[in-house]
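Working notes, structure below.
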Amino acid sequence: MRKNQQKITANQGITADDWQELWQRRELLWVLVRRDLQVRYKNTALGVLWVILQPLLSALLFTLIFAKVLHFDQGEANYLVSTFLGFMFWQFFSGSLTTGAQTIYEQIAMIKKIYFPRLYLPLTVVLRSLFDFFVSSCLLIIIMLWQKAGFSINGFIGFCLTIICLTIFASGCSFIFASLNARYRDFRHLTPFVIQIWFYATPVFYPASLLSGNLAWLGKINPLAHCLRLVRAAIFENQVFYHDFAWLFLASILVWLAGVLLFKKMETEIVDWT
């Protein structure tokens with residue numbers, strides 16, 4: 001006797017039920033973030049101070065070499081504050097991307113044992129990095145007071161708008177890199193090179209004006225370059241370019257949606273690949 005057989009296929013898109021599940025299980029996300037923070041700083045002498053020391057030491061080193069010795073500041077209003085700001089944003093993005101790309105492999109045992117929204121894994125890393133970013137922001141205020149860099153409402157607004165856009169963009173990139181890392185093992189060796197090239201293509205320690213002429217296209221296609229340009233304009237020039245922020249926000253949303261769709265498409269086969 002022939003029996004009716006129905007082929008079961010996994011949903012490769014994201015539906016309203018998926019969004020509802022992410023919202024209903026949001027407490028799990030905070031548990032994962034809290035656990036990640038505890039594990040990261042457990043048994044360390046300096047603990048959360050490492051978050052401050054990394055961008056601070058980098059900014060001081062580059063200020064000493066490029067501004068004081070080589071006079072590479074190119075007329076920056078305040079090279080130390082500008083460079084520390086650049087390393088803050090870069091540390092947040094690179095930490096989210098590098099660690100987020102490895103989350104599938106690091107948590108594969110938990111993935112195989114229980115079900116939970118897999119999107120929470122790279123998202124946990126982004127939120128942990130966001131916590132580190134806000135800790136570094138406290139030191140940024142101290143450095144600005146020390147360097148007598150002025151505070152303004154526009155500077156605060158630009159700072160907040162920039163980190164919102166960058167958080168969305170970093171989340172989308174983390175979803176993409178985590179998916180590709182799980183699918184293609186060669187990608188884990190490629191990621192460090194991508195991060196390194198991206199660093200030098202971003203005006204972290206040099207003024208954005210250097211990305212001109214034949215290099216102008218690097219600044220145009222690099223969302224991080226736009227982030228730093230806009231936040232520095234807000235802080236040092238007291239100008240908030242809302243039109244540019246709108247385009248940056250739209251681009252970040254598109255990258256985020258692309259990352260979510262790619263991750264959901266590959267989600268059901270992650271265990272087989274790993």
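As a basis for the values below, the full set of heavy atoms in this structure was taken, side chains included, without hydrogen atoms, waters or symmetry mates. Position 1 is the first residue of the sequence; numbering continues from there.
Closest approach of Trp90 and Thr202 over heavy atoms only: CZ3-OG1, 4.2 Å. Considering every non-hydrogen atom in both Gly158 and Phe245, the closest pair reads O-CZ, 3.6 Å. His226 approaches Gly219 most closely through the heavy-atom pair NE2-O, 3.1 Å. Among all heavy-atom pairs drawn from Ser96 and Ala170, the shortest one is CB-CB, 4.2 Å. Residues Phe177 and Ala101 come closest through the heavy atom pair CB-CB, 3.8 Å. Counting all heavy atoms, side chain and backbone alike, Pro223 lies closest to Leu248 at O-CD1, 4.0 Å.
Heavy-atom neighbours of Phe249 CZ from other residues, nucleotides or ligands within 6.0 Å: at or below the threshold of 12. Environment of NE2 in His243: sparse, with no more than 12 heavy atoms of neighbouring residues, nucleotides or ligands closer than 6.0 Å. The neighbour count for Ile221 CD1, taken as heavy atoms of other residues, nucleotides or ligands under 6.0 Å away, is above 12. The 12-atom threshold is not exceeded at OH of Tyr200, counting heavy atoms of other residues, nucleotides or ligands nearer than 6.0 Å.
Taken from CG in Leu123 to CZ in Phe263, the straight-line distance is 10.0 Å, to the nearest 0.5 Å. Atom CG of Leu121 is separated from atom CZ of Phe175 by 10.0 Å, given to the nearest 0.5 angstrom. The distance from the CZ atom of Phe169 to the CZ atom of Phe93 is 4.5 Å, given to the nearest 0.5 Å. We find the CG-CD1 distance between Leu140 and Ile52 to be 11.0 Å, quoted to the nearest 0.5 Å. Annotation: the span from Gln196 atom CD to Ser94 atom OG amounts to 12.0 Å, rounded to 0.5 Å. The distance from the CD atom of Gln102 to the OG atom of Ser174 is 11.5 Å, given to the nearest 0.5 Å.
With a 4.5 Å cut-off on side-chain heavy atoms, Thr99 and Arg128 count as touching. At a threshold of 4.5 Å between non-hydrogen side-chain atoms, the residues Arg232 and Pro203 count as touching. When side chains are defined from C-beta on, Thr124 does not count as touching Arg35, because their heavy atoms never get closer than 4.5 Å. Residues Thr83 and Val204 are not in side-chain contact: their nearest non-hydrogen atoms beyond the backbone lie 4.5 Å or more apart. Side-chain contact between Phe92 and Thr167: present, with at least one pair of heavy atoms (C-beta onward) separated by less than 4.5 Å. Between Leu161 and Tyr242, some side-chain heavy-atom pair lies under the 4.5 Å cut-off. Between Phe62 and Tyr206, the closest side-chain pair of non-hydrogen atoms is not below 4.5 Å. Residues Phe156 and Phe151 fail the side-chain proximity criterion, which asks for heavy atoms closer than 4.5 Å.
Taking the six-membered ring for Trp and the full ring otherwise, the centers of Phe87 and Phe205 sit at least 6.0 Å from each other. Checked against a 6.0 Å centroid threshold, the rings of Phe134 and Phe159 do not count as neighbours.
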Test log, rule side-chain contact (heavy atoms from CB on, under 4.5 Å), inputs Ile143 and Leu56: CA-CA 10 Å; Ile143 294 177; Leu56 176 61; 3.9 Å; yes

Test side-chain contact (heavy atoms from CB on, under 4.5 Å) applied to Val33 and Phe131, step by step: CA-CA 10 Å; Val33 173; Phe131 170 82; over 6 Å; no

Lys220 vs Leu211, side-chain contact (heavy atoms from CB on, under 4.5 Å): CA-CA, chis, key distance, verdict: CA-CA 9 Å; Lys220 293 180 180 180; Leu211 293 178; over 6 Å; no

Chi angles and distances behind the side-chain contact (heavy atoms from CB on, under 4.5 Å) call for Asp244, Arg229: CA-CA 10 Å; Asp244 291 346; Arg229 175 180 61 84; 3.4 Å; yes

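When hydrophobic clusters are built by joining Ile, Leu, Val, Met, Phe, Trp and Tyr residues whose side-chain heavy atoms come closer than 4.5 Å, directly or via intermediates, Leu61 is grouped together with Leu139. Leu80 and Leu145 end up in the same hydrophobic cluster when Ile, Leu, Val, Met, Phe, Trp and Tyr side chains are linked at under 4.5 Å. Neither Leu250 nor Ile163 shares a network with the other; the hydrophobic side chains, linked directly or stepwise wherever heavy atoms of I, L, V, M, F, W or Y lie under 4.5 Å apart, form separate groups for each. Val31 and Leu130 fall into different hydrophobic clusters, where Ile, Leu, Val, Met, Phe, Trp and Tyr side chains are chained together by heavy-atom contacts under 4.5 Å. Trp247 and Leu224 fall into different hydrophobic clusters, defined by Ile, Leu, Val, Met, Phe, Trp and Tyr side-chain heavy atoms under 4.5 Å apart, directly or through other members.
A side-chain donor from one of Ser152 and Asn238 sits under 3.5 Å from a side-chain acceptor of the other.
A donor-acceptor pair under 3.5 Å links the side-chain atoms of Asn181 to the main chain of Arg188, judged by distance alone. Distance alone, capped at 3.5 Å, is enough to place a donor-acceptor pair between the Ser252 side chain and the Cys165 backbone.
Partner of Leu97 under the side-chain contact (heavy atoms from CB on, under 4.5 Å) criterion, chosen from Ile195, Thr191, Ile176, Val125: Ile195.
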